[in-house]
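Residue numbers begin at 1 in each chain, while the letters A, B, ... track the order of the sequences. These numbers were taken from a predicted model, which means no experiment stands behind them.
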Amino acid sequence: MSEFITDKKRTHYCGKINISDTGKEVILMGWAHRRRDHGGVIFIDLRDREGIVQVVFNPHISPDAHREAHRIRNEFVLAVVGTVQRRPEGMENPAMESGEIEVMAHELEIMNEAKTPPFVLDDASADISENIRLKYRYLDLRRPEMQKNLLLRSKVAAAARQFFENNGFVEVETPFLTKSTPEGARDYLVPSRLSRGTFYALPQSPQLFKQLLMVSGFDRYYQIVRCFRDEDLRADRQPEFTQIDMEMSFVSENDIIQLTEGLLSYLFKTCLHRELEIPFTRLSHGDAINRYGKDNPDIRFGLELRDLTDILKTTDFKLFQEVIARGGIVKAIKIEDNKQLSRKDLDDLKDYVAEYGAKGLAWARLRTGPDEWTSPIFKFLKPLEVQHINERTAAKEGDLIVFVADSEGIVHNALGNLRLHLANKLNLIDREQFAFTWVTEFPLFAYSETEKRYVSMHHPFTSPVAEDIPLIATDPGKVRARAYDIVLNGTEIGGGSIRIHQPDIQAMIFDALGLAEEDVRLKFGFLLDALEYGAPPHGGIAFGFDRLVMMMAGVESIRDVIAFPKTQKMACLLTEAPSEVSIEQLLELSLKIVT
RNA sequence: GGGGUCGUAGUUAAGAUGGUUAUAACGCCGGCCUGUCACGCCGGAGGACGUGGGUUCAAGUCCCAUCGGCCCCGCCA
């Protein structure tokens, strides 16, 4: 070859070539995805981030290129000059986006060779254990599926910025090295070198800063920002994650809710070409718990919880009787399962609810006779009770009713999760659907058994509903918050509130939380001070950006939309972080390892 | 802090009751092949059975510990 192709410019992405390019000479650069050597003609599937195209090396067309093509192995980096041609009659590949055409190569340059990768970079063989994928993340990310996920992530972020800019929002960056505050999640700490024995904390969210920006008069703020929480991981939780954060002045709940609906429909329209139905449904927190057992209900299917406590108030059945006497409740889910669930399945359901603290699970199947059950508890119930339960659950012949009797918290937790479990098992979920719902009217406080005090349900800066303010001192559990969460398919993807802008109310809240005044001064003094200088009424919301993208991409794990995620033990398998540091580094920070 | 599950070739997996040379598929290497597209055909190489200890004449298999991946409970304002 007389000159290096690299001196020329790439003309097309592999995945972007189509029938309209027929006859054009193109210059492609990418990776050898797969090679099919027929002795004579050699086919190379060439891959770049936009897709795959078949390159043909024919000894009669270009003997030099064909000779060189023999050396090509998977993942070699290639530059190819060739002509786009329609494939011969009958040789089209409808499974391939570029399957109508191919590129007849004139020139080939092997720009780099590659070791045989530890796994095939093919979505068809993607069931590679995650530790291998994470160790070779740079290869895993070459897979078309991962490329698609991260490209979508980038698009969603860009569209969000566009939306906010179009609506008069200002992006302001807030510090990562900031102050540790009590309440909330465990902080990541960063030792200060200059001020021995003191620490910065990485932000759990920019909450306080965005409120200060409202005090500063920026009026509309947004940021796509990393947040850090040192808590245990789940499939949808990472120690560092990204929020789409926003805050507005001179607004109330409905302004935020409307703007959010506008944002989400814009994101879904521009990035997924899907129209969302707005406004989204709204559920009060109480209704969400009562009907679905959770404050993040999946409303794509039924199986709602029914309260039977009133029906069973005077029951003779000891087990229910005792639970109700202790202040507990009895709730049920009706399942139109057409006898799909066996006795063994029902035993498994009992084990399932045990994980959530339920001591048992009763069941009943409706038989043909009037109000007749096949059920271990049938003989303990009065005919009228059976009849009322059938009515309350609207159960018909063959339907199954499952009961949990326990304290309110356990019943809701157990049945709320059982509901999801059953819907999956019985295939009741429409996977194509995006079902949004708002959850509103949260309680401001929740009583913490472990801490023996009230804690903020949302955070301590959430405004109470005005008419409930007198209750803060007398009956904190009854105070409603001006808070709202947005839930998509049973996953909380965002939450926010109208904030407190009066210092006296903020002080009342800290008081109700049992925080000592000097401690509050020490931790939040700057916020209380700021509120004294003309803080406007304000409120906002923050979205879990990774979770949102995860739902939009239709993947099960948050790690599949994060380029370099951590494992459940918070390790990075690629860089092997965290790792030990030198004694000199520790000394400089005045740190000593104790254990 | 706790429960569950997994760890065998580069990868994904199979290996009853402990038994002599640890299987397969894909991948890899070599050969043949001009229309394949998960190309095909022929041949071949490749193993600390996660790690450490124990029981036993004998351990991938049984026991104990430990490391790691995943899922979950607690936790995550």
Integer-rounded Å distance: B:C75 P and A:Gln568 CD: 17 Å

Return the pairing partner of B:G68 with a 3.5 Å limit on both distances, Watson-Crick or G-U wobble; otherwise return none. B:C6

A:Asp232 CG to B:G1 P, straight-line distance once rounded to whole Å: 9 Å

Side-chain N or O of A:Asn131 less than 4.0 angstrom from OP1 or OP2 on B:G50? no

Does A:Arg237 place a side-chain N or O at less than 4.0 Å from the phosphate oxygens OP1/OP2 of B:C75? no

What is the nucleic acid contact for A:Glu92, judged by heavy atoms within less than 4.0 Å: base, sugar-phosphate only, or nothing? base

What's the gap between B:G69 and B:U51 when it is taken at their C1' atoms, as a whole Å value? 15 Å

Taking atom C1' in both B:G47 and B:A13, what distance in whole Å separates the two? 15 Å

Provide, to the nearest angstrom, the distance between the CD1 atom belonging to A:Ile132 and the C1' atom belonging to B:U8. 13 Å

Could you check A:Leu488, A:Thr242, A:Asp245, A:Ile244 and say which one makes a side-chain contact (heavy atoms from CB on, under 4.5 Å) with A:Phe543? A:Ile244

Under a 3.5 Å limit for both distances, which nucleotide forms a Watson-Crick or G-U wobble pair with B:U61, could you say? none

Expressed as a whole number of Å, how far does the C1' atom of B:U11 sit from that of B:A16? 27 Å

Might you confirm whether atom CZ of A:Arg453 has over 12 heavy atoms from other residues, nucleotides or ligands at distances under 6.0 Å? yes

B:C71, OP1 or OP2 - any side-chain N/O from A:Arg559 closer than 4.0 Å? yes

Looking at A:Ser129, I'd like to know whether one of its side-chain N or O atoms comes within less than 4.0 Å of OP1 or OP2 on B:C6. no

Pair assignment for B:A25, Watson-Crick or G-U wobble, requiring both distances under 3.5 Å: B:U11

For A:Tyr352 and A:Tyr356, take the angle between the two ring planes, folded into 0 to 90°, and tell me which bin it lands in: parallel under 30, tilted 30 to 60, perpendicular over 60. tilted

Can you tell me the distance, in whole Å, between the CD1 atom of A:Ile44 and the C1' atom of B:C39? 13 Å

Confirm from the modelled atom types if A:Arg87 and B:C37 form a donor-acceptor pair under 3.5 Å, side chain to base only. yes

Does A:Ser205 reach a base, just sugar-phosphate, or nothing at all? Heavy atoms under 4.0 Å. base

Minimum-distance nucleotide to A:Met104 side chain [options: B:C70, B:C76, B:G35]: B:G35

Quick one: is A:Arg34 getting a side-chain N or O under 4.0 Å of the B:U36 phosphate, OP1 or OP2? no

For the residue pair A:Thr174 and A:Gln223, confirm or rule out a side-chain donor-acceptor distance under 3.5 Å. yes

Between atom CZ in A:Phe57 and atom C1' in B:C33, what is the gap in whole Å? 18 Å

So, A:Lys344 and A:Asp347, do they make that salt bridge, N to O below 4.0 Å? no

Would you name the heavy atoms of A:Pro460 and A:Leu513 that are closest together and state the gap between them? CB-CD1, 3.8 Å

Under 4.0 Å between any heavy atoms, over every strand shown, what does A:Phe461 touch: base, sugar-phosphate, or nothing? Just pick one. nothing

With a 3.5 Å cut-off and sequence neighbours excluded, list the donor-acceptor pairs that the side chains of residues 90-101 of chain A form with protein atoms.
residue: A:Glu92; atom: OE1; partner: A:Gly90; partner atom: N; Å: 3.2
residue: A:Asn93; atom: OD1; partner: A:Ala95; partner atom: N; Å: 3.0
residue: A:Ser98; atom: OG; partner: A:Ile52; partner atom: O; Å: 2.7

Shortest non-hydrogen contact between A:Ile256 and A:Ile498, atoms and distance: CG1-CD1, 4.4 Å

Any-strand Watson-Crick or G-U partner of B:G35, both distances under 3.5 Å: none

List the atom pairs, donor and acceptor, that lie under 3.5 Å between side-chain atoms in residues 199-208 of chain A and the rest of the protein, sequence neighbours left out.
residue: A:Gln204; atom: OE1; partner: A:Ala185; partner atom: N; Å: 3.0
residue: A:Gln204; atom: NE2; partner: A:Ala185; partner atom: O; Å: 2.7
residue: A:Gln204; atom: NE2; partner: A:Asp187; partner atom: OD1; Å: 2.6
residue: A:Ser205; atom: OG; partner: A:Gln207; partner atom: N; Å: 3.2
residue: A:Gln207; atom: OE1; partner: A:His459; partner atom: NE2; Å: 3.4
residue: A:Gln207; atom: NE2; partner: A:Gln211; partner atom: OE1; Å: 2.8
residue: A:Gln207; atom: NE2; partner: A:His459; partner atom: NE2; Å: 3.4

Spacing of the P atoms in B:C37 and B:A48 (rounded, Å): 36 Å

Within this structure, what is the CG-to-P distance between A:Asp122 and B:C37, rounded to whole angstrom? 14 Å

So A:Glu492, base contact, sugar-phosphate only, or nothing? Heavy-atom distance under 4.0 Å. nothing

Closest to side chain of A:Thr567, choosing from B:G30, B:G69, B:U11: B:G69

Verify the contact: side-chain N or O of A:Asn74 to OP1 or OP2 of B:C28, cut-off strictly under 4.0 Å; return yes or no. yes

Partner of B:C49 by Watson-Crick or G-U wobble geometry, both contacts under 3.5 Å, or none? none

What integer distance in Å separates A:Gln238:CD from B:C75:C1'? 16 Å

Any strand counts, and the cut-off is 3.5 Å on both contacts for Watson-Crick or G-U wobble. Which nucleotide pairs with B:U20? none

I want to verify a distance call: between B:U36, B:G74, B:C71, whose nearest atom is closest to the A:Asn413 side chain? B:G74

What distance, rounded to whole Å, do you find between the two P atoms, one in B:A14 and one in B:A9? 12 Å

Shortest side-chain distance from A:Lys569, nucleotide among B:G30, B:G69, B:C37: B:G69

Across the strands shown, which category fits A:Glu355 at heavy-atom distances under 4.0 angstrom: base, sugar-phosphate, nothing? sugar-phosphate

On the nucleotide B:C73, are OP1 or OP2 found under 4.0 Å from the side-chain N or O atoms that A:Arg234 carries? yes

Per atom distances to the A:Glu231 side chain, the nearest of B:C76, B:G35, B:C29 is B:C76

For atom C1', what is the distance between B:U61 and B:G74, given to the nearest Å? 35 Å

Does the aromatic ring of A:Phe43 sit over the six-membered base ring of B:U36, closer than 5.5 Å centre to centre and tilted less than 30°? yes

Rounding to the closest angstrom, what is the interatomic distance between B:G50 and B:C41 at atom C1'? 38 Å

Please determine, for the side chain of A:Asp45, which listed nucleotide (B:G69, B:C37, B:G74) has the closest atom? B:C37

Taking for each residue the nucleotide of RNA chain B with the nearest heavy atom, is it A:Pro118 or A:Met570 whose nucleotide lies nearer the 5' end? A:Pro118

So does A:Arg36 get a side-chain nitrogen or oxygen closer than 4.0 Å to the phosphate oxygens (OP1/OP2) of B:U36? no

Given the C1' atoms of B:U56 and B:C64, what is the spacing between them in whole Å? 16 Å

Counting only side-chain N and O atoms of A:Gln204, is one of them less than 4.0 Å from OP1 or OP2 of B:C76? no

Per nearest nucleotide of RNA chain B, the residue lying toward the 5' end, A:Asp37 or A:Ala185, is A:Asp37

Between B:U36, B:G69, B:C72, spot the one nearest the side chain of A:Glu130, thanks. B:G69

How are the rings of A:Phe510 and A:Phe524 set to each other: parallel, tilted or perpendicular (split at 30° and 60°)? parallel

Roughly, in whole Å, what's the span from CD1 in A:Ile52 to P in B:U36? 19 Å

